[in-house]
Each structure stands twice: as C-alpha cells, then as structure tokens.
Amino acid sequence: MKNYDHSKIEKKWQKAWDAKKVYKTENPSKKKKFYVLDMFPYPSGAGLHVGHPRGYIGSDVYARMKRMQGYNVLHPMGYDAFGLPAEQYAIEHKIHPRKAVEKNIKTFRGQLDKIGFSYDWSRQVNTTDPEYYKWTQWIFLQIYNSYYDTEKNKARPISELIKKFEKTDKNWKKLSEIEKEKILMQYRLAYEGYSEVNWCPKLGTVLANDEIVDDKDGNPVSERGGYPVEKKSMRQWFMRITSYADRLLTDLDGLDWSGHIKEIQKNWIGKSDGSEIEFKTSINRNIQVFTTRADTLFGVTYVVLSPEHQNIGEFLVQAKNMAEVSEYIREAKERAKKEDITIEKEKTGVELKGIKAINPVNGEEVPVWVADYVLASYGTGAVMAVPAHDERDFEFAKKYNLPMKYVVAPKIIDEKNPPKNGFEYVVRNAAQAVVYNPIKDEYLTLRWKKFDWHSIVLGGIEGNESVVEAAKREVIEETGYSDLIFKKILGSPVISVFHAPHKGINRVSVSTGVLFELASEKQVGLDRAEHEQFDVEWVSSETFFSKPMTNIELPFWRERMKGKIWKPFIEYGTIINSNEFNQLTSEEARKKITEFVGGKMVTKYKMRDAIFARQRYWGEPIPLKHDKAGAISMLKEKNLPLKLPNVTSYEPTGTGESPLSGVKAWTKEGYETNTMPGWAGSSWYFLRYMDPKNKKAFADKKALKYWKDVDMYVGGSEHATGHLLYSRFWHKFLFDMGHVPTPEPFKTLKNQGMILASDGRKMSKRWGNVINPDDIVKTYGADTLRVYEMFMGPFEASQPWNTESIIGSRRFIEKVWKVASRINDFKSPRSSSQARPDFKNHQYVSLVKTLHKTIKKVNDDIANFAFNTAISSMMVLVNEMDKVENISKEDFKTFLQILAPFAPHVAEELWYDLGEKKSIHLAPWPKYNMKLLIEDTLKIAVQVNGKVRGEIEIPTDADQEVVFAEALVNENVKKWTDGQEIKKKIYVKGRLVNFVV
RNA sequence: GCCGGAGUGGCGGAAUUGGUAGACGCGCACGACUCAAAAUCGUGUAUCGCAAGGUGUGAGAGUUCGAUUCUCUCCUCCGGCACCA
C-alpha cells in the first residue's frame, strides 16, 4: 500500500487540472447551463481565515456535482477591490491602493489555490480593472440617462420624457437648458441632490445606512473601523432605488431564498398602505398627515408636526408661545444631529399655543403640537394623534395630559348565547361595574334567578350620563351599595354580541368597564321589583379572576386591572363613537373615512434613495463633466473608461471634498470629483463572468441569453440590505432597458454560517484567534479541510472552529485510502437483472445496498446543501466496506465518484490508480438503483401502550394481520400483553406495531 | 418593545406528512499491539438502577394509541428592526 501523502497528491492534481483545463467552461454550449456563484471577496490585507472558504467549499461541492451530472457549469471567482476596506488598508500601510490590491489578490489567490476549487480562472474579474469599470461607468450612464415611467412601471430613456414634456407642456420650450436640466434632474434615476447624510469624519466620507452600526452605547458608528458618524448636509449623487421599491418587494415572492433574508429586505423596504388626510387649521395653512389608521380619525385628539417639518416656520411665527417653540425646535435639531437615538427615549414636545387644527371628519378643533417623536423624513412629517389606539400617541398624551377617545373596540360573540336568526340587532352603550371590597378581598356579582346567570353589575347608559355615572347608578340601583370610590376606566370599550331572551332581541353591547372600590358597606334602599330577579353575591378574588361569568367581557376587565397602566387598543376591530361609520370593521372604515374627508389612499416606503457618491479616491470615477455654468454632461461611450488619475496623495481631505478635487488635471476637465460607492462594481459582476473579455459590451447578448441568471448564489447573510438589494435594483433596471433577459439576478440563495474561533468570538487579528487555512492544508490536507468544513454542522449554521475534531475527517479519508488498497475483481451484483441477487455473500449484498442508499442520500443532500449528512452517510458506507472481505472495483469507483466533490484530490488519485485515464471530475454522476433500495425484510418495533417492548422481523410486503400475529408471539411482547385485553391494534407500515391494552 | 430563527449526551450534531430519540464524528473509559509512548485496531459511552424496569429532546400544560415534531403559556440564546404613524 502506498502512503497517503496529501501534499504530494494535492499539488500534483491542482497542477494537472490547471494544465488540462478540466474546469474550463464552454461558452456557448449545447449542454444545459448551470450557474453557481460565490459572493466575490474584498481582497483584504489580512488574507483568509478558515471561516472564509466555508461558503466557497459548499458551492464548489455543489458545482462539482452539477458538472458531473452533465451541466455546463459556470463557477467563477473574482475580486471586489474598490472601496473602503482596500483603501483603508492602503492608507494604513502607506502603499498605493493599486499596489496594495495587487499584492492582496496574489495572497488571496495563493490561499484559494491550495484548497482545490473548481473555478474557471480564465473568467476572473476585478472591479478595479479599467476594462471592468468601463462597464460600471457605462451602466451608470444608462441609469443617469433614464427615468421611471410610472405608467409603464419601468425605466425608460430620459429622451422619452423630454418628448412628453415637449408635447404636453407649452412652457417647456421657453425654458433655458439649465432650467430644463434642473427639472430633468428630478426624474433621472441617478441624480444630484443635497441632503443630510451620514458623515464619518474619521473615514472622511459619507456612509450608506447599511454601512452604519450601533456601538455598545447605542451611538452610530461606521461598520468599518467603528468611528463616530454624524449628520451633515452635502452635495451627493443618488440612485432612485425607491422607484423600484414595490417591484423589489413583490418579486421577492418568486425567489428561492432563505426566509429570513427575504424578511430583512421586506423590513428594509418597509411598505405601508395608508391615507393622506388634510387638516385645516386656524391659520391659513393646512396640515397634511399620513396615517395607516384612517379608521381612527374620530379618535384624534391632537395633531403633531415634526420639528423639521417643511412648513414649521409658518406655524412657529403664528404661535403665541413662539419663543418657547423655537427653542424646542432648536434643541430637537441639536439632538438629531448627534443622532443618539438612544433606546426608550422619553418623548418631548411643545404645544403651538393659539393654533388649532380642524378634524375634517367632524369639524372638531384639536390642539397642534411639535414633537420629535414624529419623523420629518417619513410620510408627510406630520401625524394625527390617536392616543386611544396608538402606543406612541398614548405615551405622549399620558405625559402631557391630553385627552383620549376610543373609536375602535374588539368584538366578541357570545358562543353560549349566540345571536339568533330572525331577531333584530339592537345596539346599546353599556357600563359594567367591577366593585372591589378591599377589606374582605371580594368582588361584587349578581346571581340571576330566572336565567342561571352569574355576572357583574351592568346596565345601559342613559341620556347624557357619563360611563362612570351610569356604572355607579347601576350599582346603587341593583345592590344598594352607594359608598363607591371611582378608581379607573378599564380601557377601551368591548363590543359583545348575544341573544337577549328577556328582551327578545339580539344585543350589540358596547360596554365600558369601570372599576370602583367599596369605601363602606353602607346600603341604600333597593328597587324591589328589579331586585327580585337576582341575588347579590360577593365572590372571592380567586373566583373572580378564574371563573367564567355570563358577561363575556370579563376577561378584558381582568386583564386590564392587573397593571397600573393598560396598553392602548392598537389592533383592528369594530368602529364605535364614529357616527355613521359605527359597526364597520377597521378595514372597511379606513377606506370609507378617507373617501369621506376627501383624502387619498397612498403607499409609503421606509426605504430611501441610495447615496451614490463617496468622497474618496479609491472608487470608480463618475463619468460626468461639470462646465463652468454648472451644466452637467455625460462622457461619450468611446471615451470610457474614465480612468482614475495616478496620484501620490490619495488620503481623504477631511473637509468633505474628494481627494480628486485637489488634482488639477482632473478639475481642469470639469470631471466629477466624487467617486462611486463600493457597491457599484459588485452590483453587476455576475454578468461580466458570462463574457469577461468583451470589449464591445458588458457581455455579449448571446452569452447573456444562454447564461440568463445565477442558479445558485452562495454568500453571507450580512449583505441582505446592501449588495443583495442593490444588485436586484440594477438588474431590474437593465431588464427594463432590454440589456438582460430576466428581472431577477439570483434564483436561489444560500447563506453559509460563520465559523467562529474556538473561544466563541469572531476570528480576528484583534483577538489573536485566527486559524489560517494554509496551516490546516499543510498539516491535514485540502481534502480533510474540505470534508471537515462541510461536516462540522448544517451549512447555514454558525459553529466554533475545533481543530481537535478535524482528525475525524482525516481518519475518514485515510480509511478510504486503506480500503482502496484492498479492492479486487469481485463481481458486483449491480445490474438491474440482478436486483434481488441470491448471493451467498450476504455481507456483499448488504454492502451494495448501502452503496446505493448512499448514492441517493449524497445526491439529495448535496442538492439541499445538507453536506454534513451526506458525509455522515459516506462514513457509514466506508465503515461497512472496511469490514467486508470483498470490494469490487466497480463499486469502489462508484463510491469515489460521489466522494469526488468533497475530496477531489484523493478521489482523483485513487480513480487513476484504478486504471482510469480521464479525470473523475468529468465522469458522469452515478445513478442509484431503486430496486436495490427496497429491503426484503424489515425490522420493526413492537410497542405496548406506546412503549417499545420488542422487535420483530417481517417481510417488507407483509399483510397487517400477519404482522400483528407475528408481534403477539414475540417473547418480550407476550410479557406485557398476556392476560390483558387488547383494545386497539395499530400498524404503521414498515415502521412499528402498537398494541393498546 | 416588535418581527424572525433556535434550544436534543461531556462537545459538534442526526432524526419532524407525529411512529424504535441520540445516526455520524470528536472526546472519554477499558482492552489488543508495544520495552514504552504515539498511531492504529476492538469494545463501551443519555441518565437512575445489581437487575427487572423507570426517566429523558429548555420549563409547564394540552391534543393523540403514540409528541424532539402539532397547539397554548413561560424561560433562555442568536439574528433583524428600532419612535416608519
């Protein structure tokens, strides 16, 4: 037996595969295509740790299987080398970013090569290569030169918009070019604007929302480096991604992505359907509010403006307390600048005294407040406050003592006493009194004589009485107890629907709970007639809180008595206290009330337009020119790429100006000085792999048509709101403009789990816990590393690295090696005619069965990215092989084929040893024989009363009665069934028998 | 706080249209080989019990002949969002 020298064979085959171009992808091909893509890395200076290749190994195993299954597999790799990480590294190490990137790519490639991936390296892309970013710039120009046609619901060239203006707008032609351009800028999908941005002074650049994280004190810091971030108003380039918000949301449904990534994108897009409603005010200026709960319009008790509301000035100057308000606004802005949105911040606000808003639904005058719990950037920057049905308004109203009005109530139907057909529904407002005697710890109830009812005191509200008055009156009338202390109203009313036999109607009762405490047991005279219907009964606290009573609202009152405060009722329900809208559901009322007040239903999104500019050197130049008059012009396609100038000083200026603004040759030409953000180059790289060398287009139409989209995309879930959203956006744009054939770029997405250090922390230089894959490859071999990383646990789960456990994977490969040295020409019973061979060598029959089970298992598991169980089943097979005397060459080779994706080097070496002349990685994927998977006999469990008491062996197709009979004669089973009457027999085919005695 | 996901031996994990819980691997113990050690091989390894048998998948309840799997309540951990009206 020759030695297993992993270094030797791994180097040998890596060289051979490269020389023979084993992984070269045909383009085009008659074979069916399959595109397996890894998220390409930032080639950071630190190099790879063992966590990085996890995803690459998974996708490589998958790609290798697909290739063996006869697909033309596109499995490329490249580098995303623009952007902050590369540039920070360069600045820290005082070398030019281009040099740093070159060096890092080399390190990176060296590390990758050792692991034995099946990439077609001839297709490598590098975002910093001018031949690549020429096309990034080209796509930018297409976006800049387009607008979103809301009627066609897709992007169109801006020239179509100009034509439209020329036709429909008489004034258009009179405008100067600059004026026209100003208007067009409001439509372009890439546009220039001023806005508050997240400015990071330390990095000297603007950051996108998803590049900012909270530090442990809740302050915003840059994801990279952890530097403080503040707000700053600056000139920026933007991408109008919000135009695509709805399509980005709805198209998620058709994607085979893990649920939580879709969820994150859904949240990020943040769609909400609501209404815009206008409130007139006592000054000559209306307030437009956005609300999702127009059904609560009757419950509005005040209106709130954001301190940064666009018209705040006009309200301010007319307020009687102008100084106070203006001071509040100043403070609020100060707070916003620091952006320390600390958790559970107490709400603050100030009333605009002397100004009233008029509720359009009922003409009611309500106060107007300014408060910074209302965001200027969402909706209309103003809200109608309904403290009874909104948690934030509730909190605010409580603090400033603003009134509450209930307009929505939960509706319950009394199932014991449901409304009856043929009876009229009669609505009544009622009060229900909970009376507590603190001395005896008892509650007041009524025991009804005629109906077997047991309830608390309740009754209708009469005339102009308040709820509390009505409740008190009822208690006195019905029980005589008059010394009552009002404690509180038990939250929003509750609607109950039931049949009232004594009145001959179906009752719709809108009840409000009122809590009283009994001050003394003093009683006044009772109304005799009424009192004859029931007895007064005091029940213990325990009974009151546990026993159901006739009035079904009781659980609500109990719930709301528990805490000192109760939550506002924020769910949908049935409308009350709203005139003609009463008894509608919230859903119906939202539309009807909006319509009634002349508002309109609108859809809003949380997502903002994406900032598309960085004040940094190391990025794609934006291919635009500014002339002296301020007009912007696009570079012509033939002048692309606009190359980054070679400079010696590329550090950030710190003023907010890009380093390029200091380059004379650059500014002289009027070139835009901002560069593109890191996500530009990564938003379309997967398309370039399809045709990486093309000089005439980002990719040839034929190549695009053949490869279409990515079938399997593997990468980290941290890109959920960045790369994965931006790519979808660009792809949809390119689709609208006819440049790509599909509206979505990535059909299936798998997210690999992170590999943590053995101490449970992230691997990082900082903690000194980094494991370098080079070391593992050197000691154990690439095949062992690959098998181990796939065997560790589920692909999508994170696990700590455990060098101790690797040995198991190594032993597995060594066992394969050992078994290989024992194979012989033993003839295998594998053809279908021998599906049920009557072999003397039972051991061998069993092995062949295991082999075919394993083929199926490995096949299915790889398809599902369940690599750990695939390996586990191969271990079972190899353990069995190790024990049998005869192993046929054919069967062993079949096994090598399913092992090949995981351990490509060993499999190839043994494959050639067995006389093959062509790479195993181009051999066809083995098929399993279904007939061999069927067992003749089965061992099944016999349970008595659900407990396993014995095991019997039965023919696979045995009849149920035969199985029962067989089971009953089993010794162990007899012990439990003898002398017992068998009440029930259950047979689960091929699984178990259960006797119930 | 809200929205997701998860909780199984000493450890990583396996098993869910409800059907023998703990596959596979690590570790550990004992044995073989060895002067000895390593490596390797064999046996064992959820837990209580000498055994028969009992208990056991975060806790508690429920449905069922039968629950890691379904329902409800609660606890813990991880991820996302965080005044989005």
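Letters A, B, ... are given to chains in the order of the sequence lines, protein chains preceding strands, and every chain is numbered from 1.
- Rounded to an integer number of Å, the gap from A:Lys399 NZ to B:C83 P is 17 Å.
- Using a 3.5 Å distance cut-off with no hydrogens or angles, the side chains of A:Tyr328 and A:Thr348 do pair a donor with an acceptor.
- To the nearest whole angstrom, the two C1' atoms, one in B:A15 and one in B:C24, are 12 Å apart.
- A:Tyr572 and A:Arg590 share a side-chain donor-acceptor pair at under 3.5 Å.
- The ring pair (Phe, Tyr, Trp, His ring centres under 6.0 Å) pairs that include a residue from residues 786-805 of chain A are A:Tyr788-A:Trp801, A:Phe795-A:Phe865, A:Phe795-A:Phe867, where partners are two or more places apart or lie in different chains.
- In the displayed structure, A:Lys591 atom NZ is contacted under 6.0 Å by at most 12 heavy atoms of other residues, nucleotides or ligands.
- For the residue pair A:Asp246 and A:Tyr605, a side-chain donor N or O sits within less than 3.5 Å of a side-chain acceptor on the partner.
- When the C1' atom is compared between B:G66 and B:U16, the two are found 14 Å apart, to the nearest whole Å.
- Remark: the separation of the C1' atoms in B:G44 and B:G22 is 16 Å, to the nearest Å.
- Side-chain N/O atoms of A:Ser717 include none lying less than 4.0 angstrom from OP1 or OP2 on B:G79.
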- Each nucleotide of nucleotides 26-34 of chain B classed B (base within 4.0 Å of a protein heavy atom), S (only sugar-phosphate) or -, in 5' to 3' order, makes SS-------

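- Judged by distance alone, the side chains of A:Tyr987 and A:Asn994 never bring a donor and an acceptor atom under 3.5 Å apart.
- The interatomic distance linking A:Glu796 (CD) with B:G4 (P) rounds to 19 Å, in whole Å.
- Side-chain atoms of A:Asn994 and base atoms of B:C65 include a donor and an acceptor less than 3.5 Å apart.
- The base of B:C83 sits with one of its N or O atoms less than 3.5 Å from a complementary donor or acceptor on the side chain of A:Lys347.
- In this structure, the CD1 atom of A:Ile570 is 10 Å from the C1' atom of B:G1, given to the nearest Å.
- B:A59 and B:G10 have their P atoms separated by 14 Å, given to the nearest Å.
- In this structure, the nucleotide among B:C65, B:G19, B:A85 sitting nearest to the side chain of A:Arg991 is B:G19.
- Aromatic ring pairs are classed by plane angle as parallel below 30°, tilted from 30° to 60° and perpendicular above 60°; the pair A:Tyr4 and A:Trp817 is tilted.
- Among the protein residues, A:Val383 comes within range of the nucleic acid bases, having at least one heavy atom under 4.0 Å from a base atom.
- Taking the C1' atoms as reference points, B:A67 lies 14 Å from B:A61, given to the whole Å.
- The CZ-P distance, from A:Phe791 to B:C24, rounds to 10 Å in whole Å.
- Pair check for B:C70 finds B:G62; Watson-Crick or G-U wobble, both atom distances under 3.5 Å.
- Counting non-hydrogen atoms under 4.0 angstrom, A:Asn868 reaches the backbone sugars and phosphates but no base.
- Comparing the C1' positions of B:A6 and B:U69 gives an interatomic distance of 14 Å, to the nearest angstrom.
- The same atom, P, is picked in B:G9 and in B:G56; the two are 14 Å apart, to the nearest Å.
- Because its glycosidic torsion is within 90° of 0, B:G9 is reported here as syn.
- Atom pair A:Lys857:NZ and B:C24:C1' shows a separation of 11 Å (rounding to whole Å applied).
- If you check every strand for non-hydrogen atoms under 4.0 Å, A:Pro800 touches nothing.
- An OP1 or OP2 oxygen of B:G13 is reached within less than 4.0 angstrom by a side-chain nitrogen or oxygen of A:Gln799.
- Nucleotide B:A32 has B:U40 as its partner under the Watson-Crick or G-U criteria, with both atom distances under 3.5 Å.
- Checking B:C2 for Watson-Crick or G-U wobble geometry (two distances, each under 3.5 Å) identifies B:G80 as its partner.
- Using bins of under 30°, 30° to 60° and over 60° for the plane-to-plane angle, the ring pair A:Tyr400/A:Phe396 lands in the tilted bin.
- Spacing of C1' atoms, B:U8 relative to B:U55, comes out at 15 Å, to the nearest Å.
- Applying the side chain to side chain contact (heavy atoms under 4.5 Å, CB included) test between A:Phe812 and each of A:Thr784, A:Leu899, A:Ile807 identifies A:Leu899 as the sole match.
- Stacking of A:Lys985 on the aromatic ring of A:Phe964 is recorded, both the 6.0 Å distance cut-off and the 45° axial limit being met.
- Under 3.5 Å, the side chains of A:Gln288 and A:Thr380 contain no donor-acceptor pair of N or O atoms.
- Other residues, nucleotides and ligands contribute only 12 or fewer heavy atoms inside 6.0 Å of the NZ atom of A:Lys762.
- Using a 4.0 Å heavy-atom cutoff across all strands shown, A:Leu992 reaches at least one base atom of the nucleic acid.
- If you measure from atom NE2 of A:His260 to atom P of B:G4, you get 14 Å, rounded to the nearest angstrom.
- Rounded to whole Å, the distance from CD1 on A:Ile264 to P on B:G79 is 11 Å.
- Proximity of A:Tyr373 to the phosphate of B:A85: no side-chain N or O atom is located under 4.0 Å from OP1 or OP2.
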Can you check nucleotides 52-58 of chain B for protein contacts, nitrogen or oxygen pairs under 3.5 Å, and list what you find?
residue : atom : partner  : partner atom : Å
B:G53   : OP1  : A:Lys975 : NZ           : 3.4
B:G54   : OP1  : A:Arg949 : NH2          : 3.1
B:G54   : OP2  : A:Arg949 : NH1          : 3.1

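- For the pair A:Glu951 CD and B:G19 C1', the computed distance is 14 Å after rounding to whole Å.
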